Amino acid sequence: MTSNYYFINFIRFTLLVLVQVLVFNRLNFFGFINPMPYILFLYWYPIKENRSVFIFIGFLLGLCIDFFSDTMALHAASTVTIAYLRPTIMRFVFGVNYEFQSFKLSNTTRVQQITFLTLLIIAHHVIFFALENFSFSNLLLILKKVIFTGIATLILCLLFGSLFSVKKE
Amino acid sequence: MQQIINFIIRYKITLLYLLLLFISLGFTIDSHSYHRSKYLNSANLISGSIYNASEGITHYFKLGEENKKLVEENRQLRNLLFNKGMDDTLELDTTAIDFIIRSAKVIKNSYASPNNYLTINKGTNHGIKQDMGVITAQGILGIVEHTSKKYASVQSILNMKSNINAKIKNTNYFGSLIWDGQRYDQVKLEDIPRLVPLLVGDTIVTGAMSSIFPENIPIGTIKKFNLNESKSFYSIDVELFNDMTNVKNAYIIYNKNRPEILQLEAEIANDE
C-alpha cells in the first residue's frame with residue numbers, strides 16, 4: 001500500500017516534468033503563453049504527509065524543471081513557496097474541515113477545488129514572473145504574463161484533473 | 001541553549017522553507033551576473049540527451065522546410081561565387097584562415113521569457129568553447145555560454161543580458177544590440193549618434209569591434225527609430241532577419257585570433 005503510494009507519486013513527478021519540458025515549455029501560444037501544469041503535482045500530493053518532506057519535494061520539482069529550461073532557479077523558488085503556503089491556502093479554502101482525519105480532496109465541492117487550484121497557480125505565477133523579470137519597471141508585462149499564463153495553466157490543470165481523476169472507493 | 005533548540009524545532013518548517021528559498025534565490029541572483037551558475041543549465045548530460053531524443057522524433061516534421069532553407073542558402077552562396085568571376089572551386093589555404101565554422105543542430109529553443117537560451121547538440125568533444133558566435137543562414141543567433149561534453153547552451157540575442165556590437169551596413173557607425181524583452185522578432189540598437197543619416201529599411205550587420213563574430217553578418221533591418229532621452233543618440237528598433245521561433249541548423253564560428261586579441265586587451269588593461 002505505502003510503496004504503491006510512493007510509486008504513484010514518483011511516476012507522477014517524472015511524467016509531469018517530462019510533459020512540462022517537452023510539450024508545454026515550447027507551446028508559446030500567442031508567442032508568450034507557456035502554461036505550467038506541473039503545479040498539479042503539488043495539488044495532488046497527499047495532504048497528511050510530513051510537511052518538511054513536502055517542501056523539499058516541491059523544491060526538487062522546481063529544480064528539475066529549471067534544469068531543463070535554463071531558468072536558473074526560478075521554478076524552484078516558486079514551487080517551494082507554494083509548497084510552504086499550501087496548508088495556509090487549504091485552511092482558507094476548506095475551513096476547519098481540513099484538519100479532520102477523514103478529509104479528502106475528492107470529498108470537497110468543485111468550487112472549493114477550483115479555488116484552491118487557482119490560488120496555488122496565482123501564487124506560483126506571481127513569484128515566477130516577478131523574479132523572472134527582476135524589475136518592477138516591467139510591471140505591466142509581468143501582470144499580462146501572470147494573467148494569461150495563469151488562465152491557460154488553470155484550464156489545462158482542470159482538463160488533466162478530470163482526465164486522471166483519482167477514483168478510489 | 002534549550003530555548004534556541006526549542007525555537008528551531010518549533011519553526012523547523014519555516015526555517016527549511018527559508019533555507020530552500022535562499023538557495024534558489026542565490027542561484028538566480030548569482031546568475032544575473034555575466035556568467036551563469038555552472039550547473040543549472042540545459043547543456044548537461046541528462047537534459048541534453050532527453051532534448052536530443054525528443055528532437056530526433058520531431059525533426060522529421062520539419063524536413064521539407066529545412067530543405068528549402070538550405071537550398072536557398074546554397075543559391076545565395078553560388079550566386080556569390082559565380083558573380084565574383086571565379087570557377088566553382090575556391091582555393092583555401094587552411095593555415096591562413098581566421099574563422100573556423102562548425103555546424104550544429106538546435107535541440108531546444110525558447111523565446112518567451114526575458115532570458116532565452118538555446119541548446120545545441122555539439123559540445124567540447126566537437127571543439128565548442130564558451131564565447132563562440134552562433135549564426136544561421138539568415139543572421140545571428142547568439143553566443144555560446146556553457147558547454148558540456150556533447151551539448152552547449154547558447155545565450156540567444158533574445159536575452160536581456162545579451163549585448164552585441166552592431167553597425168549600419170556600409171558605414172562605420174556602430175552601436176550595441178540589446179533586447180528589451182518585448183517582442184521576439186525585434187531587437188534594439190542603441191548608441192548610434194544623432195548625426196548619422198538613417199532610413200527605415202537600412203540593413204544592420206555585426207560590427208568589427210567584436211572578436212566573437214566576423215564583420216558584416218546580417219542581423220536585420222531598421223523598422224523605426226527615435227532619439228533617446230538625451231536627444232543625442234538614436235534608439236533604433238531592428239526587425240530580425242532570423243525567425244527566432246523556427247531555427248534548426250546553426251553554424252558556430254570560432255575566431256582563431258580571439259586569444260591574441262583578448263591578450264592584447266588584457267595587457268592594455270594592465271598598463272593603465
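Bear in mind the structure is a predicted one, so any value in this text is a computation, not a measurement. In what follows, chains are A, B, ... by sequence order, proteins preceding strands, each numbered from 1. What's counted below: heavy atoms across the whole structure, side chains too, no hydrogens, waters or symmetry copies.
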Practice item. Counting only heavy atoms closer than 4.5 Å, note whether Leu141(A) contacts chain B via side chain, backbone, both or neither. Key: side chain
Review point. Which region of Thr245(B), side chain (C-beta onward) or backbone (N, CA, C, O), has a non-hydrogen atom less than 4.5 Å from a non-hydrogen atom of chain A, or is it both or neither?
Key: neither
Practice item. State whether Lys69(B) and Glu66(B) are salt-bridged, where the test is any N-O pair (Lys NZ or Arg NE/NH1/NH2 against Asp/Glu carboxylate O) under 4.0 Å. Key: yes
Review point. Quick one: what part of Ser113(B) sits under 4.5 Å from any heavy atom of chain A, side chain, backbone, both or neither?
Key: both
Review point. Which one of Phe68(A), Phe56(A), Phe129(A), Phe54(A) has the most heavy-atom pairs closer than 4.5 Å to chain B?
Key: Phe68(A)
Review point. So what's closer than 4.5 Å to chain B heavy atoms on Ile33(A): side chain, backbone, both or neither?
Key: neither
Point to revise | Within the 6.0 Å centroid threshold, strictly below: Tyr6(A) and Phe10(A) | key: no
**Study point:** Pick from Thr14(B), Thr119(B), Asn116(B), Thr58(B) with the largest number of heavy-atom pairs that fall under 4.5 Å of chain A
**Key:** Thr14(B)
Check your understanding: Would a line drawn from the ring center of His75(A) to the ring center of Tyr38(A) be shorter than 6.0 Å?
Key -> yes
Check your understanding: With the threshold set at 4.0 Å, does a side-chain nitrogen-carboxylate oxygen contact exist between Lys248(B) and Glu55(B)?
Key -> yes
Check your understanding: Can you tell me if CZ on Phe13(A) sees more than 12 non-hydrogen neighbours from other groups inside 6.0 Å?
Key -> yes
